[in-house]
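All residue numbers in this chain count up from 1 along the given sequence. Read the numbers this way: they start at 1 and go in the same order the structure lists the ligands and their atoms.
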Amino acid sequence: MRTPIIAGNWKMNTTYDEAMDLVEELVDGLEAREESDNVDVVLCPPFLWLFSAAEYLEDTGIQLGAQDCYPVDRGAFTGAISAAMLADQCSYVIVGHSERRTLFGETDDLVAKKAAAALRHGLRPIVCVGEGLRERDAGETDATVRRQVEAAFAPVEGGQLAECVVAYEPVWAIGSGRAADGAEAGRVGALIRETLAARFGAAAAGQVRIQYGGSVTGANIAEFIGQPEIDGALVGGASLNAAEFIRICAIAARHGAGE
Ligand code: PGA
């Protein structure tokens, strides 16, 4: 069975003090639960807080992720942070989040390069895919998701799939309070796995963990984690609230324990 994975995407939120308070609360709350063995928990704070967060997380089971990376290792790329630079601090990195695609103009090709750079440096990419409202209304959800998955995994090899996570995040569900229907998310999760299986074979594709993302809360996580092809969640807003995030992790852990 695939271990459930809950990742908190803090986006561009928190002051330094708020971030450290949140990390501390999460460490206390999550470490107090033995069931946290049955779920992988990843915190993705802003870049600037990674070093300090890493100190708090040392000797805890909680892992650290970055929200983005640049695919070239070093050079004249003002303001960018490479996967190579992140490799010592993080275990995971989010690539291709819809906010990066929409607000920063990231293409499928750039997302693929980021995923490849992450893997090259031993980071596990959390590859985000998902249709916008226009595509959904036009009945293009499946074609959009399939295209994004095929493109992002173009430079990936089958042997690397166990290190990869795909987050299915319908853009209209992000930050809207309007989560997707569990069964629909499960259906698209299956489509993602089929798309990977067509290229890499079912065994390799079966190792990828697939998350749902978009207005996940403690009240609806069970609906998603209960889907056979969904292995966890990428959580935005609710990851900034320690009690809520701990609740989400606890429900995923119980699922991971086979309850
Ligand atoms: P949300 O964000 O949980 O606030 O909808 C999810 C995401 O963007 O990863």
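Using a 4.0 Å cut-off between heavy atoms, Asn9 contacts ligand 1 through its side chain alone, with no backbone atom that close. With a heavy-atom cut-off of 4.0 Å, Ala173 touches ligand 1 through its backbone alone.
For the pair Ile5/Val39, no side-chain contact is recorded, criterion being any heavy-atom separation below 4.5 Å from C-beta on. Side-chain contact between Arg2 and Glu229 is present, with heavy atoms from C-beta onward closer than 4.5 Å. In this structure, Glu150 and Asp108 have side chains that are not in contact, with every pair of non-hydrogen atoms separated by 4.5 Å or more.
Residue contacts with ligand 1: Val235 is placed with no nitrogen or oxygen under 3.5 Å of a nitrogen or oxygen of the ligand (distance criterion only).
Of all protein heavy atoms, the one closest to atom 4 (O) of ligand 1 is Gly237 N, 2.8 Å. Nearest protein heavy-atom neighbour of atom 3 (O) of ligand 1: Gly236 N, 2.8 Å. Atom 9 (O) of ligand 1 has Glu169 OE2, 2.7 Å as its closest protein atom, hydrogens excluded (heavy atom only).
Close contacts of ligand 1 with Gly214, meaning ligand atoms under 4.0 Å from a residue heavy atom, involve 5 (O). Proximity to Gly175 (heavy-atom distance under 4.0 Å) selects the following atoms of ligand 1: 1 (P), 4 (O), 5 (O). Close approach of ligand 1 to Lys11 is summarised as follows: ligand atoms under 4.0 Å from at least one heavy atom of the residue are 2 (O), 7 (C), 8 (O).
Each of Val171, Thr144, Thr141 was compared with Arg136 under the side-chain contact (heavy atoms from CB on, under 4.5 Å) criterion, and only Thr141 meets it. Checked options Tyr92, Tyr56, Trp49, Phe245; the residue passing with Leu43 is Phe245 (criterion: side-chain contact (heavy atoms from CB on, under 4.5 Å)).
Note on ring orientation: taking the six-membered ring where Trp is involved, the planes of Tyr70 and Phe77 are tilted (angle from 30° to 60°).
The closest approach between Gly213 and ligand 1 stays at or above 4.0 Å for every heavy atom of the residue.
Not one N or O on the side chain of His121 forms a donor-acceptor pair closer than 3.5 Å with the backbone of Leu123.
Considering Glu99, His97, Gln211 only, the shortest heavy-atom separation from atom 8 (O) of ligand 1 involves His97.
A donor atom on one side chain and an acceptor atom on the other are not found under 3.5 Å apart for Tyr168 and Gln148.
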